[in-house]
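All remarks here apply to the structure that follows.
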Amino acid sequence: VLLVHGACFGPATMRTAADLIAPGARVLVPHRRGYGASPPATTPPSVSDHVRDVIEVLDAHGVDRAVVAGVSGGATVGLALALSHPDRVGAALLH
């Protein structure tokens with residue numbers, strides 16, 4: 001399960017959801033570029049930048065397909081991921 005946090009928030013906002021997901025499920029909560037522990041963005045990142053970053057996270061963790069959940073700007077990233085890389089998204093819950 002990949003949880004993508006919203007705009008103006010960091011990955012900590014997804015912690016409660018991550019904790020409630022079925023025991024044994026692997027949950028990834030990446031820092032979006034310019035948020036959380038990532039360095040501040042020098043230029044505003046595009047949605048494509050965020051999608052590339054998510055693909056890198058999935059690849060780094062050996063995940064071929066993920067269930068993607070996103071809120072706010074994270075939903076936009078999740079939708080762009082599903083549209084541009086449908087083979088990497090098993091299901092999506094985007095709000």
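All values below come from the heavy atoms of this structure, side chains included, with hydrogens, waters and symmetry mates left out. Sequence positions, counted from 1, serve as the residue numbers for this chain.
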Given side chains that start at C-beta, do those of [X] and [Y] come closer than 4.5 Å, heavy atoms only?
X     : Y     : result
Arg32 : Val77 : yes
Leu58 : Arg88 : yes
Leu81 : Ile55 : yes
Leu28 : Leu3  : no
Arg15 : Leu20 : no
Val51 : His85 : yes
Val68 : Leu93 : no

Interatomic distance, CG@Asp53 vs NE2@His31, rounded to 0.5 Å, equals 12.5 Å

Taken in chain and number order and not counting sequence neighbours, the residues that satisfy salt bridge (Lys or Arg N to Asp or Glu O under 4.0 Å) with Arg26 are none

Exercise for review: Decide whether Ser46 and Asp49 meet the rule of one side-chain donor and one side-chain acceptor closer than 3.5 Å.
Suggested key: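 Yes.
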
Do [X] and [Y] belong together in a cluster built from hydrophobic side chains that touch within less than 4.5 Å?
X     : Y     : value
Val71 : Leu79 : no
Leu2  : Val47 : yes
Val4  : Val27 : no
Val89 : Val63 : yes

Please report the shortest heavy-atom distance between [X] and [Y], naming the atom on each side.
X     : Y     : value
His5  : Pro30 : CD2-O, 3.6 Å
Ser72 : Ala7  : OG-N, 3.6 Å
Pro45 : Arg33 : CB-CD, 3.6 Å
Met14 : Val29 : CB-CG1, 3.8 Å

_Whether the side chain of Ser84 engages the backbone of Ala80 through a donor-acceptor N/O pair (distance < 3.5 Å, no angle test) should be reported._
yes

